[in-house]
Amino acid sequence: MPDHQQTTVAFVCVQNAGRSQMAYAFAQQEVGERGLSDEIDLVTGGTRPADHVHDEVVRAMHAVGIDISDRTPREITFEETRESDYVITMGCSATDVCPAGWAGENRDWDLDDPDGKSADTVATIRDDIEDRVTRLLDEVASRF
């Protein structure tokens with residue numbers, strides 16, 4: 001087994017109730033399918049977490065066979081973002097999360113908020129997130 005530390009990827013949003021939850025769920029699935037759980041650690045959270053994951057997001061993920069109905073939005077800590085190799089924000093103006101202290105790379109995916117949107121719109125956002133997660137993990141995995 002190679003001697004290296006895990007690469008940490010954090011998916012961050014304001015409420016941690018939509019986009020970041022979808023990204024985290026797709027990343028968990030990809031990491032598992034690729035057998036990379038020893039190499040990649042995943043974190044998700046929000047700067048001002050909501051009380052629950054948006055219902056339309058739960059339904060959209062269920063439609064592709066992923067159950068996130070038991071997830072609860074959580075607060076991301078400064079330490080978690082500081083120690084992450086990649087901090088992916090969702091385009092939700094997570095200005096409370098200052099990248100100045102981050103050791104890793106920050107990327108903002110500039111995604112529309114699915115909250116209150118139609119099922120078709122949420123599905124489009126979901127599919128975009130899935131594609132972005134796959135490409136991100138292709139990149140991260142290529143470094144091992």
Side-chain angles (χ1 to χ4, degrees), residues 5-144:
Q5 291 191 336
Q6 282 189 311
T7 298
T8 301
V9 179
F11 297 101
V12 181
C13 206
V14 174
Q15 292 188 323
N16 189 226
R19 294 161 285 186
S20 54
Q21 288 286 351
M22 288 191 281
Y24 181 69
F26 281 126
Q28 284 183 309
Q29 180 175 286
E30 282 277 325
V31 166
E33 288 175 359
R34 295 177 189 218
L36 295 173
S37 56
D38 289 340
E39 285 82 17
I40 299 175
D41 184 38
L42 302 169
V43 177
T44 191
T47 55
R48 290 188 301 278
D51 294 331
H52 63 277
V53 175
H54 302 310
D55 292 337
E56 53 271 89
V57 169
V58 171
R59 286 192 297 272
M61 293 302 285
H62 186 264
V64 295
I66 299 175
D67 182 7
I68 62 169
S69 61
D70 63 344
R71 303 272 172 96
T72 302
R74 62 178 291 275
E75 187 171 355
I76 190 91
T77 68
F78 174 74
E79 290 75 26
E80 286 172 323
T81 56
R82 186 183 64 214
E83 294 168 5
S84 293
D85 299 288
Y86 296 87
V87 176
I88 310 300
T89 53
M90 302 289 127
C92 45
S93 301
T95 53
D96 308 14
V97 181
C98 178
W102 296 348
E105 182 177 329
N106 172 240
R107 298 182 189 179
D108 186 87
W109 283 355
D110 195 23
L111 299 161
D112 290 334
D113 187 348
D115 188 20
K117 301 290 192 304
S118 71
D120 286 346
T121 300
V122 176
T124 299
I125 296 167
R126 176 203 62 214
D127 295 346
D128 185 14
I129 290 171
E130 182 178 23
D131 181 58
R132 289 170 186 257
V133 166
T134 299
R135 286 185 282 134
L136 174 66
L137 291 179
D138 284 347
E139 177 187 336
V140 173
S142 73
R143 298 181 180 190
F144 301 132

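The shown structure was predicted, so the numbers you read here are calculated from the model rather than taken from an experiment.
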Spacing of [atom1] belonging to [X] relative to [atom2] belonging to [Y], to within rounding of 0.5 Å:
{"X": "Met90", "Y": "Gln15", "atom1": "CE", "atom2": "CD", "value": "14.0 Å"}
{"X": "Ile129", "Y": "Tyr24", "atom1": "CD1", "atom2": "OH", "value": "15.0 Å"}
{"X": "Arg19", "Y": "Thr89", "atom1": "CZ", "atom2": "OG1", "value": "9.5 Å"}
{"X": "Glu30", "Y": "Thr134", "atom1": "CD", "atom2": "OG1", "value": "4.0 Å"}
{"X": "His52", "Y": "Arg71", "atom1": "NE2", "atom2": "CZ", "value": "15.5 Å"}
{"X": "Asp112", "Y": "Ile125", "atom1": "CG", "atom2": "CD1", "value": "5.0 Å"}

Contact between [X] and [Y] at the side-chain level, heavy atoms closer than 4.5 Å - yes or no?
{"X": "Arg74", "Y": "Pro49", "value": "no"}
{"X": "Val12", "Y": "Ser20", "value": "no"}
{"X": "Val43", "Y": "Thr8", "value": "yes"}
{"X": "Met22", "Y": "Phe11", "value": "no"}
{"X": "Phe26", "Y": "Leu137", "value": "no"}
{"X": "Gln5", "Y": "Asp41", "value": "no"}

Sidechain-backbone polar pair: Gln6 side chain, Ser37 backbone, donor-acceptor under 3.5 Å: yes
Test item: Glu105 side-chain N/O and Tyr86 main-chain N/O as donor-acceptor pair under 3.5 Å: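 Looks like no, no N/O pair under 3.5 Å.
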Candidate pair Glu39 and Thr7, rule side-chain contact (heavy atoms from CB on, under 4.5 Å), full reasoning: CA-CA 6 Å; Glu39 285 82 17; Thr7 298; over 6 Å; no
Residues which pass salt bridge (charged side-chain N to carboxylate O under 4.0 Å, His left out) with Asp127, listed by chain and number, not counting sequence neighbours: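 Counting only residues at least two positions away or on another chain, Asp127 forms no salt bridge (charged side-chain N to carboxylate O under 4.0 Å, His left out).
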Residues Leu136, Arg107; criterion side-chain contact (heavy atoms from CB on, under 4.5 Å); working and verdict: CA-CA 10 Å; Leu136 174 66; Arg107 298 182 189 179; 3.6 Å; yes
Residue pair Ile68 / Ala25: nearest heavy atoms and the distance that separates them: CG2-CB, 3.8 Å
Exercise: identify the closest heavy-atom pair between Ile88 and Val9: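 Shortest heavy-atom separation between Ile88 and Val9 comes out as CG1-CG1, 4.3 Å.
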Show me the side-chain donor-acceptor pairs of residues 55-67 shorter than 3.5 Å, one per line, residues at least two apart or across chains.
unit_1 : atom_1 : unit_2 : atom_2 : d
Glu56  : OE2    : Gly116 : N      : 2.6
Asp67  : OD1    : Ser69  : N      : 2.9
Asp67  : OD1    : Ser69  : OG     : 2.6

